[in-house]
Amino acid sequence: MAAPSAAGLGRRLRAWLPRIMPVRWSRYNPSYLEPEVKKESYQKPLEELTEEEREQVELKAVRPIRAAPPTLSSSVFSDPMISKFTNMMMKSGNKVLARSLMSQTLEAIKRKQLEKYHKAPENEKETIECNPYVIFHQALKNCQPIIGLSNITKGGKTYQVPIPLTDNRKRFLAMKWLITECRDNKHRRTMMPEKLSQELLLAFNNEGPVIKRKHVLHKMAEANRAYAHFRWW
Amino acid sequence: VRLICTTTAVQRKNAGASGPEKYTEAFIKKQIEEFNLGKRHLANMMGEDPETFTQEDIDRAIAYLFPSGLFDKQARPMMKHPNEVFPEQRKIQWGEDGRPFHFLFYTGKQSYYSLMHETYEKFLNVQKHQDQLIAQGLPLQKEKRNLAGSRWLTKIELEEMLLEKLSDDDYSRFIQLLQKLAALPCADVEENYIQKFSKEVPVQLQKVVIEPLQYDEQGVAFSTGEGKRKTARATAVVYDNGTGKITVNGTDILHHFPVLQDREQLLFPFQFLGRIGKHDMVCTVSGGGRSAQAGAIRLASAKALRSFVTEKEVEFMRQAGLLTVDPRVKERKKPGQEGPRRKFTWKKR
């Protein structure tokens, strides 16, 4: 059980040492807070904030803040979801390649949507979504499972028990399914951006193999409803 | 790095936990007299006035008379007041017949438990006061204590106060009790008691001095900043009335940073303040890799921009994480392992 964090400064700031050295540690003192990069949050005047936000502002004024990581920026083009997806696509630390694949994917999506837009009749033009970021976010949202399965061993046998998932886990599963789907089930000659844009557009319309996988998971969870009481947390 | 941030505060032996008196009171008194006498002799030797001879003067005199090349400052000759040299001790807790003075002596942590008892007594007091107010029908005062401006004593400070060793668990229980007490509506009754255990935190973390703008020959305002990240060191000079041109080590940034992410990082401080086309920048950078160099220049330019901008915006920059030095460095390889975390392949035989 960690000792409560005191926002001590000067020498006291560094004198934090847990009894047992944990494996996952950070070079930052635990009193350092996460940085807030978006410009809009700093332009709100004090009166419009709620009580909690006011307390947050006061706390931020006193505590030290961590440095912003290199992937985070206040420009309109940096999106945390896209960065997360790029990192997951990255192999052996080749961020340059992953980033270029991502930008080619978004370009491919835009091109396909524009083609559709120009071919469509007048009344349908408004329903076609051209913004690749919106398509990406919506597709990811559609792919996220609501309930997950976990292996619980009871009495020697392992059962698949339905469990609720946290937001982070849902996002991770959606992204992981998309990437594995694009890497495995494609023709040898198709490039990753093309296949990814295809998958994202299908997921945006709630079709495609990734959505099918999500439905399969949901059905398994429904089938194993009887074991739901095995969960103890 | 295992022991990341330790200071002498942590490594110093716990005050009072070394057991009952090792030095008698008479001994300490004699030491104090000798110290004062020695101070006057020293002042005489150095030709200074014995009445106004401060501790700094003593340190300087000793360093002059006994020069030492030892690396550890604690190993060099020093002359300090006996209260600093001999740690505060607890006097012997029992009388001549062997009977202890304090009723909680046999718990082992008498000062801690007596403190908890006292705090709980105050808690019950406040509740009684609250009940009285409710009975009389008067409204309860709901003044919220300014939590952000004060902090509780750390475990080490509490140990020094009690002259007794505490465990993490004990300390957190005490802090929880204090928080409960402070959260009650009528806690103002015991405000004095609570203030004994809380300390002021400087309201703004703006302890850094912002340098004023300098002006070069043409009258253009400029300012410099230094930054570092991993092994890269960078200096940036930001000029006013510019067109947004950035030069790194004599070459254009497109030439030096072919990757988009690095250029984005360079522009981050300017974009955050909304001053993209208004400043020119000339930087020099050495060491590190491409991302480390970009991070170093970002920090240097953010520090340089502080002089051009209002204090509020400096605070916004700090809260966006632009002004903190990133402490993350490459973790060292350990013996018996292949890398910092990766172990050798486990072979069954």
Side-chain angles (χ1 to χ4, degrees), chain A residues 1-19 21 23 25-29 31-39 41-43 51 55-78 83 86 95-96 99-100 103, chain B residues 1-10 146-149 151-157 168-169 171-172 175-176 179 199 201-205 207 229 258-262 264-265 267-268 271-272 274 291 294-295 298-299 312-313 315-316 318-329 341:
Chain A
M1 177 189 158
S5 61
L9 295 159
R11 296 184 322 158
R12 301 288 181 217
L13 191 72
R14 314 300 201 68
W16 144 76
L17 264 190
R19 274 285 158 84
M21 212 60 200
V23 178
W25 48 270
S26 151
R27 297 259 343 182
Y28 289 110
N29 191 295
S31 63
Y32 276 65
L33 303 170
E34 294 292 319
E36 173 63 59
V37 182
K38 289 203 278 272
K39 268 208 272 189
S41 52
Y42 293 112
Q43 274 151 11
E51 276 291 326
E55 273 179 35
Q56 265 290 325
V57 166
E58 270 191 43
L59 190 66
K60 280 214 150 178
V62 196
R63 295 274 199 97
I65 312 247
R66 299 188 179 204
T71 41
L72 205 59
S73 157
S74 69
S75 78
V76 286
F77 301 109
S78 79
S83 328
T86 330
K95 178 86 121 221
V96 179
R99 183 96 187 241
S100 68
S103 46
Chain B
V1 180
R2 273 290 146 119
L3 294 174
I4 313 158
C5 0
T6 42
T7 52
T8 44
V10 172
N146 186 13
L147 293 165
R151 64 169 177 96
W152 299 117
L153 288 181
T154 55
K155 182 161 161 263
I156 302 163
E157 287 168 354
D168 280 337
D169 238 358
Y171 171 72
S172 47
I175 295 293
Q176 275 167 21
Q179 279 169 348
K199 271 203 174 164
V201 167
V203 176
Q204 288 291 331
L205 259 193
K207 294 186 280 192
R229 170 90 214 268
V259 182
L260 177 65
Q261 181 185 295
D262 303 334
E264 217 176 24
Q265 284 296 290
L267 287 174
F268 183 4
Q271 204 269 338
F272 186 77
S291 191
R298 181 186 93 180
L299 182 62
K312 242 190 175 177
E313 297 201 294
E315 179 59 23
F316 289 159
R318 184 190 77 91
Q319 287 189 10
L322 279 169
L323 297 175
T324 344
V325 179
D326 205 326
R328 302 181 289 178
V329 286
R341 299 285 169 117

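Here is the naming used below: chain letters follow the sequence lines, and residue numbers restart at 1 for every chain.
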Student: Quick check: closest heavy atoms across B/Phe272 and A/Val37, and the distance to 0.1 Å?
Tutor: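 Looking at all heavy atoms of both residues, the shortest contact is CE1-O, 3.4 Å.
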Student: Show the nearest heavy-atom pair for residues A/Ser73 and B/Glu264, with the distance to one decimal.
Tutor: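 Of all heavy-atom pairs spanning A/Ser73 and B/Glu264, the closest is OG-CG, 4.1 Å.
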Student: First locate atom CZ of B/Arg328, then atom CZ of A/Arg66, and finally report the distance between them rounded to the nearest 0.5 Å.
Tutor: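 If I round to the nearest 0.5 Å, the distance is 9.0 Å.
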Student: Using every non-hydrogen atom in the two residues, find where A/Lys95 and B/Gln261 come nearest and quote the distance to one decimal.
Tutor: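 For A/Lys95 versus B/Gln261, the nearest heavy atoms are CE-OE1, 3.5 Å.
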Student: What closest approach, in Å, do B/Leu260 and A/Arg99 show between heavy atoms, and which atom pair accounts for it?
Tutor: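 Between these two residues, the closest heavy atoms are CD2-NH2, 3.6 Å.
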Student: With a 4.5 angstrom heavy-atom cut-off, which part of A/Val96 approaches chain B: side chain, backbone, both or neither?
Tutor: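 Contact with chain B is through the side chain of A/Val96 alone.
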Student: At a 4.5 Å cut-off on heavy atoms, which part of A/Leu72 comes close to chain B: side chain, backbone, both, or neither?
Tutor: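 When you check distances to chain B, only backbone atoms of A/Leu72 fall under 4.5 Å.
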Student: Hey, does B/Phe268 have a side-chain heavy atom less than 4.5 Å from the side chain of A/Ser74?
Tutor: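 When only atoms from C-beta onward are counted, B/Phe268 and A/Ser74 do touch, with a gap below 4.5 Å.
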Student: Where is the tightest heavy-atom contact between A/Arg27 and B/Val329, given as atom of each residue plus distance?
Tutor: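 Distance-wise, the nearest heavy atoms are NH1-CG2, 3.7 Å.
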Student: Any sub-3.5 Å donor-acceptor pair from B/Gln265's side-chain atoms to A/Thr71's backbone N or O?
Tutor: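 Side chain of B/Gln265 to backbone of A/Thr71: no pair is present.
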Student: What distance do A/Lys60 atom NZ and B/Phe316 atom CZ have between them, rounded to the nearest 0.5 Å?
Tutor: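 It comes to 11.5 Å.
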Student: Is there a side-chain contact between A/Ile65 and B/Arg318, using heavy atoms and a 4.5 Å cut-off?
Tutor: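 Sidechains of B/Arg318 and A/Ile65: in contact.
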Student: For a quick test of reading the model, state the closest non-hydrogen atom pair linking B/Arg298 to A/Ala68 and the distance between them.
Tutor: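 Where B/Arg298 meets A/Ala68 most closely, the heavy atoms are NH2-O, 2.8 Å.
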